[in-house]
2 protein chains.
Amino acid sequence: MTTPDVRRAGNGSGKITREAVLAAALEIIDRDGADALSMRRLARVLDRDPMIIYRHAPGKAALLDGVAETVLGQLQVDCADPDWAGQLREVARRYRALALAHPHVVPLIVTRPLATPLGLRPAGTLRPLEDILALLTRAGFSGPDALHIYRALFGFIHGHVLDELQELVENPDETDDLLRLGLHRLPIGEFPLLRGLAPVLGGYKGAAELERGLDILLTGLTTTLPPPGATRPPAPAQHPAS
Amino acid sequence: MTTPDVRRAGNGSGKITREAVLAAALEIIDRDGADALSMRRLARVLDRDPMIIYRHAPGKAALLDGVAETVLGQLQVDCADPDWAGQLREVARRYRALALAHPHVVPLIVTRPLATPLGLRPAGTLRPLEDILALLTRAGFSGPDALHIYRALFGFIHGHVLDELQELVENPDETDDLLRLGLHRLPIGEFPLLRGLAPVLGGYKGAAELERGLDILLTGLTTTLPPPGATRPPAPAQHPAS
DNA sequence: ATGATAATGTCAACAACGTAGACCTACGAT
DNA sequence: ATCGTAGGTCTACGTTGTTGACATTATCAT
């Protein structure tokens with residue numbers, strides 16, 4: 001870093017907003033993961049003293065919550081969509097897109113609310129829940145049924161996204177699936193099936209898997225719960241290739 | 001075994017095994033969460049110098065992986081069960097029981113494999129996968145289909161367990177659901193539906209929810225994929241492991 | 001028994017961490 | 001002028017994970 005003007009502690013110019021802090025934190029996490037986020041490093045990115053951060057967030061934990069909130073807050077739900085099942089599909093797809101865009105944030109989204117009661121969670125985290133409840137009650141479902149559907153959907157999405165991220169590999173340069181997945185290091189005798197499935201594991205397509213899961217989930221839901229109104233059956237939907 | 005010989009710096013008696021280290025680590029995590037686990041505190045529990053730990057694990061990260069592995073390693077699969085669907089059900093129930101017994105370990109199980117390619121993960125983590133592949137191929141499924149079923153099942157389980165843990169609340173003493181969930185702190189205008197569903201949220205029963213989800217999933221799977229069992233068993237029914 | 005070799009435990013030290021507390025500026029309202 | 005408040009900076013404390021050197025003990029061929 002060539003700094004001709006040596007200020008003792010780096011200070012840029014202009015005010016620092018909470019959004020700027022969170023954006024910088026997200027940048028670090030996206031690049032190097034959540035463990036790489038330290039107050040001092042974040043301050044270096046902001047070109048300020050580490051202590052300013054505490055003017056915009058009460059502590060590091062709140063900061064992580066804030067990052068998770070900003071990402072999850074980008075998930076939009078169209079409460080007015082008359083085709084509730086289709087809307088749930090799109091929400092799932094958008095969620096997956098968000099997760100792939102910010103893979104290092106997914107652990108935060110999934111993990112941090114574990115110790116926090118519902119009402120104490122940041123508002124941005126609760127917005128999708130409320131919106132989906134709105135969508136479903138507007139479609140005629142009872143409150144408890146809507147809640148049940150929300151749980152089933154997000155349970156599925158969380159699980160799917162985690163599983164898909166687990167299958168991502170860092171060096172896609174390697175052509176041989178066995179090597180790319182590191183499967184050659186496994187004891188041959190103990191994991192014969194796993195090793196044999198290397199090519200299938202390598203060719204994993206998350207988007208298709210998501211659609212298949214959604215088919216199962218939505219048909220299951222519409223047959224289990226009374227689909228209100230004189231609306232149509234679920235319609236297995238078209239699969240966009242990707 | 002019982003040597004009440006007190007040496008200068010904390011050292012107990014007897015040898016320290018890797019299992020003992022992991023057990024102590026699990027104890028700390030179960031009590032106070034993963035963040036509370038520090039090398040020094042772990043050493044205090046073991047009544048030894050902090051540095052011994054490095055003789056049994058290359059670092060803290062490996063230690064966390066080890067804890068996740070020991071817990072997940074307790075999940076047993078009966079590969080020989082002829083009723084594959086029933087066996088998957090039981091696996092799901094056992095997984096849930098494990099998660100409820102060690103709630104603080106779930107984030108580790110779910111999060112740590114995210115950066116590690118399949119083959120480099122600890123063997124105990126891969127055992128359930130291999131076992132379920134064995135169960136399903138023995139039931140007549142093709143390799144890719146078996147893998148698909150595994151993904152669907154564990155995606156669902158992961159999601160369900162995370163969602164259920166999020167609904168657990170720390171002070172179940174409070175009688176009023178609104179207060180217990182902290183929902184009274186939410187802006188009334190912004191989250192009307194959510195607040196209205198407080199009693200339903202409070203009465204969440206994870207076991208029933210799991211069974212409902214399993215119903216949906218398993219029926220969906222058996223209709224989507226060719227269930228090889230009852231009607232006509234195809235040729236390679238028996239496949240000796242070699 | 002003897003000495004060599006490895007395993008195992010101990011200690012001090014380091015750099016980096018989160019954050020409390022004091023201090024300093026700048027500025028709009030009185 | 002004076003005050004309150006918000007934003008920004010600096011120092012310092014206690015803790016963390018880990019390194020490298022050192023000490024002790026076990027193992028084993030000779």
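Just so it is clear, the values below take in all heavy atoms, side chains as well, and ignore hydrogens, waters and symmetry mates. Below, chain A is the first sequence line, B the second, and so on; all start at residue 1.
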Does any part of the side chain of B:Leu98, heavy atoms only, come nearer than 4.5 Å to the side chain of B:Val105, both counted from C-beta?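 Side chain of B:Val105 against side chain of B:Leu98, heavy atoms only: no contact under 4.5 Å found.
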
Under 4.5 Å between any side-chain heavy atoms of A:Val106 and B:Thr111, yes or no?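 No - every pair of side-chain heavy atoms lies 4.5 Å or more apart.
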
By the 4.0 Å heavy-atom rule, please label A:Met51 as base, sugar-phosphate, or nothing.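 A:Met51: base contact, heavy atoms under 4.0 Å.
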
Report which part of the nucleic acid A:Leu63 touches: base, sugar-phosphate, or nothing (heavy-atom distance under 4.0 Å, all strands). nothing

Identify, between A:Pro50 and A:Arg55, the residue whose nearest nucleotide on DNA chain C lies closer to the 5' end. A:Pro50

Looking only at side-chain atoms of [X], point me to the closest of [options].
{"X": "A:Lys60", "options": "C:dG18, C:dC11, D:dT16", "result": "C:dG18"}
{"X": "A:His56", "options": "D:dC10, D:dG8, D:dT16", "result": "D:dG8"}
{"X": "A:Asp49", "options": "D:dG8, D:dA12, D:dC10", "result": "D:dC10"}
{"X": "B:Arg48", "options": "D:dT18, C:dG18, C:dT10", "result": "C:dT10"}

I need the [atom1]-[atom2] distance between [X] and [N], as an integer number of Å.
{"X": "A:Asp35", "N": "D:dG17", "atom1": "CG", "atom2": "C1'", "answer": "12 Å"}
{"X": "B:Met39", "N": "C:dC14", "atom1": "CE", "atom2": "C1'", "answer": "16 Å"}
{"X": "A:Ile53", "N": "C:dA20", "atom1": "CD1", "atom2": "C1'", "answer": "15 Å"}
{"X": "A:Ile16", "N": "D:dG8", "atom1": "CD1", "atom2": "P", "answer": "6 Å"}
{"X": "B:Leu37", "N": "D:dT15", "atom1": "CG", "atom2": "C1'", "answer": "14 Å"}
{"X": "A:Arg44", "N": "C:dA15", "atom1": "CZ", "atom2": "P", "answer": "15 Å"}
{"X": "B:Arg40", "N": "D:dG14", "atom1": "CZ", "atom2": "C1'", "answer": "11 Å"}
{"X": "A:Ile52", "N": "C:dT25", "atom1": "CD1", "atom2": "P", "answer": "18 Å"}

Could you tell me the separation between the CZ atom of A:Arg48 and the CD1 atom of A:Ile16, rounded to the nearest 0.5 Å? 4.0 Å

Just checking, is any N or O donor in the side chain of A:Arg127 or A:Gln76 under 3.5 Å from an acceptor N or O on the other one?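 Absent: no donor and acceptor within the cut-off.
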
Ring of A:Phe156, cation from A:Arg151 - is the NZ or CZ under 6.0 Å from the centre and inside 45° of the axis? no

C:dA20 phosphate, OP1 or OP2, under 4.0 Å from A:Tyr54 side-chain N/O: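 Answer no for this pair, as no side-chain N or O of A:Tyr54 is under 4.0 Å from OP1 or OP2.
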
